[in-house]
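The structure displayed is predicted, hence computed values, not measured ones.
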Amino acid sequence: MTPSTPRSQPSAELLAALLRQRLQPRQLEVIDESAAHAGHMEASASGRGTHFRVRIAADALDGLSRVAAHRLVYDALRPAFDAGVHALALEIERSPAPAV
């Protein structure tokens with residue numbers, strides 16, 4: 001499976017690969033939290049592949065508004081959403097602004 005063409009239920013590895021490919025993050029952590037959502041709407045019976053938490057730091061996200069940064073991450077993860085990701089908790093760490 002390549003990052004751009006998922007063929008099965010999304011995984012933390014798929015999301016990480018998509019983000020590395022598009023954003024070259026300095027720091028990245030992808031956690032599958034699907035099991036904590038068992039029984040909720042859109043939750044998978046397997047307890048995997050629907051609810052994720054992403055913690056990311058990337059030069060491409062520095063300096064963007066919160067909305068623009070989230071949009072860039074969501075755009076990078078579009079193939080995963082198309083394959084069944086239902087929810088994403090997103091934590092973006094930004095470099096401090098340079099001193100003037």
### Task
Scan for salt bridge (charged side-chain N to carboxylate O under 4.0 Å, His left out) pairs involving residues 10-21, sequence neighbours excluded, and state none if there are none.
none
### Query
Do the side chain of Thr50 and the main chain of His86 share a donor and acceptor less than 3.5 angstrom apart?
no
### Query
Looking only at heavy atoms, what is the nearest atom pair of Ile56 and Pro25, with distance?
CG1-CB, 3.8 Å
### Message
Working to the nearest 0.5 angstrom, can you tell me the gap between Phe81 CZ and Leu18 CG?
### Response
10.5 Å
### Message
side-chain contact (heavy atoms from CB on, under 4.5 Å) for Leu28 and Val54? Distances and angles first, verdict last.
### Response
CA-CA 7 Å; Leu28 179 62; Val54 170; 4.1 Å; yes
### Query
What do the steps show when you test Arg53 against Glu91 for side-chain contact (heavy atoms from CB on, under 4.5 Å), and what is the final call?
CA-CA 8 Å; Arg53 177 172 304 276; Glu91 300 172 22; 2.7 Å; yes
### Query
Mind checking what makes side-chain hydrogen bond (donor to acceptor under 3.5 Å, both in side chains) contact with Glu93, not counting sequence neighbours?
none
Which donor-acceptor pairs under 3.5 Å do side chains of residues 64-80 form with protein atoms, sequence neighbours excluded?
unit_1	atom_1	unit_2	atom_2	d
Ser65	OG	Ala68	N	3.1

### Task
Grab the two heavy atoms, one from Pro10 and one from Gly84, that are nearest each other, plus how far apart they are.
CG-N, 4.0 Å
### Task
State, to 0.1 Å, how close Arg26 and Asp62 come at their nearest heavy-atom pair, and which atoms those are.
NH1-OD2, 3.0 Å
